[in-house]
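Each ligand, and each atom within it, is numbered from 1 in the order the structure gives.
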Amino acid sequence: MQEQDKAEKDDFVYFVDQFGDIRILKYRLPDFGSLSLNQKTQIYFLSQAALSGRDILWAQNFRYNLIIRKFIEFILSSFSGERENEEFKAFLVWSKRVLFSNGIHHHYSQDKFKPGFTELYFRSLIDGCDPGRLPVQDQDAANLTEAICKVIFDESLFNKKVELGSGTDLVKASAVNHYENVTQEEVEKFYSGFPDRNDPRPVSRGLNTKVIKKDGKVTELVYRSGGLYGEAIDRIIFWLTKAMSVAENTTRRRELELLVSFYKTGDLRTWDEYNITWAGNNTSDVDYINGFIETYEDPLGKKATWESVVDYTDRVATRRMEIITANAQWFEDNSPIDKKYRKEKVTGVAARVINIAMLGGDCYPASPLGINLPNADWIRKEFGSKSVTLANIAEAHDTANRGGGLLNEFAATTGEIVRAEKFAFLSDSLHTDLHECIGHASGKLAEGCDPKALKNYHSTLEEARADLFGLYFMLDPGILDLGLLPCREAAMAGYDAYLRNGLLTQLVRIKPGKNIEESHMRARAIISGWAYEKGRNGNGIELFRKDGKTFVTITDYEKVRRYFGDLLKEIQRIKSEGDYEAGRKLVENYGVKVDRELNAEIVERYEKLGMAPFTGFVNPRLVPVTDESGSITDIKVEYTDDFLGQMLEYGKYYSFLPVV
Ligand code: ZN
C-alpha cells in the first residue's frame, strides 16, 4: 500500500487552472484506500453534508449572489453563440472569479469585481441562451435581469462586502447579507448586554441569525430547519443522520445528535454542548467541521458564515510526531543551551496532522492551512480545543510552488534544486513538528525571572527559539537514528530552504519602504541574518550575485549548524534571564529592517514568474460502490482537472435554496 501510494504521489499533477489572481490546485487523498469501509462511508456521508450547505454561504455573502450564480450557470451551460472571442473570454474569467469567491466580491480584498465586458454584451449572452432553461420563469425573469445588471455594473452600488473603515455606518456600508434595513446603531442596541460579561459560559448570541426590521421592530431570522436557509439545512441534517448510522463509537453518535438538534432548533446552548463534545472527542481517525463558525465576514464580528471540512488522520505524519514526543527528553538533554536552563522533565505537545477529504462552504475553494477550534474562549479553557495542520493541502501548495518556477529562480545551484525536489517538503514538515511539539516546550526560566520581561520582543524571540531548536536538531545524526529523516541530504535541503527564505524570498511579502512586522518573519530574518554574519568570508555561507540576481548558498553545513546552536543558546539565555536589552538589540539589528534594493529585486523576480498570489482547490469526487442489494461496499476517489466543471456540477446537484 505504501509503495503504491508513493507512486501515485510522484505522478500526481497538482495544478488545475489559473485566472485573475487565483491559482487552482487539486489535493491528494493519501492512504485513503487503507481506511476501513466504515470510515470511508462516514467520510462519504459527511462530505455530502459538507457540499449540501454551499448555497447558504452564497446567500450569506450577498443577497443577490445566488441569482447571479444561476445566471452564470445558465449562460455557461446554454449559450449557443461565439465562445472564442475576447469578450466571452472576459466573461469566463469574471465568472470563474465569482465562482471562486462564492459571490461577486473578492474573497480577500472584499471589493466588487469589475467585469471586463460591457452590460450590453452581458445582455446579449442572456439573449443567446435557451429561454426554457432560465433560472426563473414568467415575467419575473425580465425584472430580475434588470436588477442583476444594476448590481453587477453600477459602480456606485454594493462595492464592499465587508466594510471595516471607521466613521461610517459599517452595517449600511457592507454588502454582506447579515443585516437588512437596519443601522449599525440599531444592531448594537439590539445586542447590548451580549455576550453577558458576568456569565462564565456566555452564549454567542446572534451567531446564527440575520437581523432585519419587521413592522418597525428589529428582530432576528434564525438559520435552522424550517427557518432561514432551512431547505439547505434539511439536506445537511439528512446526511449527518446517515453519518450517525456509521459512527464508530457512542461519543461520535452523541456529537452528531447534538449537531442535528442544533440545526433543527437553532439553539446556541445546544451548539455549545455540541462543541464541548466535539472538542473532547479524540477517539476517531475521521473528523469534520460543520456549522456556522467564523465571524470574519461580519463588520460587527457577530455573524458566522457556514463552513465544513471532512478529514482523516495522516498516519505517517502522526507517527513522526509520536517519535518526537516520545523522545522529548533526549532532545532536551542534547540541546546546545546552558545546562542550568534545560528542563529536567520535558513533555512534548502532540498536535494532530490530518488530510482533507472534502472542503465545503467558506473553506472551499480557498482552504485554511490549519484549524484551531472551537472559537468560544470558555470552552477552550474548560474543555480544550483541537489544533490540526492539513498535510495534503500543504503538500499541494509546496509541490505547486516548486513547479511554478520558484525554486529554479531562487536556488543557487542545481544540486540545491535536486535536493529540494527530493526532500524539501519532508524536511520542512519535520522542522514544523520540532518547532511545535518540543521547540516551544523546551527550556526553563531562571528562578524569579518575570516571564513577561521581554515585552514587545517576546513573540519574535520565542518563534526564533523554536525555529532554531528545529534547525539545530535537523542535522543531528540522532535524527537519522530515530528514522525521522532518511539521510543527511534531507537536512541539508532544510538548511538551504531556510536561509533562502530568511535572506531572500520572504522579502516578497514586504511592500516597498516597509519594515518586517510579523513575528515569524522577523524570527527568520534574525536567524538567517545572524548566521550569515558569522558565515560570510569563507566561513560557511556565501551571498553572491550572478546576472544581476542575488543568491545564497551554504558551503559548510556543520559550521552553519554550530551558528544555529550558538544563537539558540543565546536566545534561551535572554529568555531565561529576561534580558530585555539583549533581546531588543537582536530583534532591532537583524529582524526589522530590510535592504531596499534587495527587496525590490526579489519582488521583481517573483512577479516575472507570473504566479498567482491566491490559491484554491477543486475537491476530489467520492463515489460509492454498491452491491446488488444497494449496500455500499467501497468508496472510490476520483480526481478532476476541471474547475468550472466542478462548479457547474455543484450548482446542479447541491443547490437547495430558493433564488428569489
Ligand atoms: Zn511557533
TODO: Begin from the C-alpha positions of Phe551 and Thr413 and carry the test side-chain contact (heavy atoms from CB on, under 4.5 Å) through to its verdict.
DONE: CA-CA 9 Å; Phe551 297 93; Thr413 66; over 6 Å; no
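With hydrogens and angles left out, the side-chain atoms of Glu463 and Ser519 include no donor and acceptor closer than 3.5 Å. Under the 3.5 Å distance criterion, with hydrogens and angles disregarded, no donor-acceptor pair is assigned to the side chains of Gln506 and Asn501.
Shortest distance from the Zn ion (ligand 1) to His435 is reached at NE2 (N/O/S atoms only). Note on Glu463: its N/O/S atom closest to the Zn ion (ligand 1) is OE1.
Because the distance cut-off is set at 2.8 Å, Glu462 fails to qualify as a neighbour of the Zn ion (ligand 1), as none of its N, O or S atoms comes that close.
Between His106 and Tyr108, the two ring planes are perpendicular [angle over 60°; tilted spans 30° to 60°].
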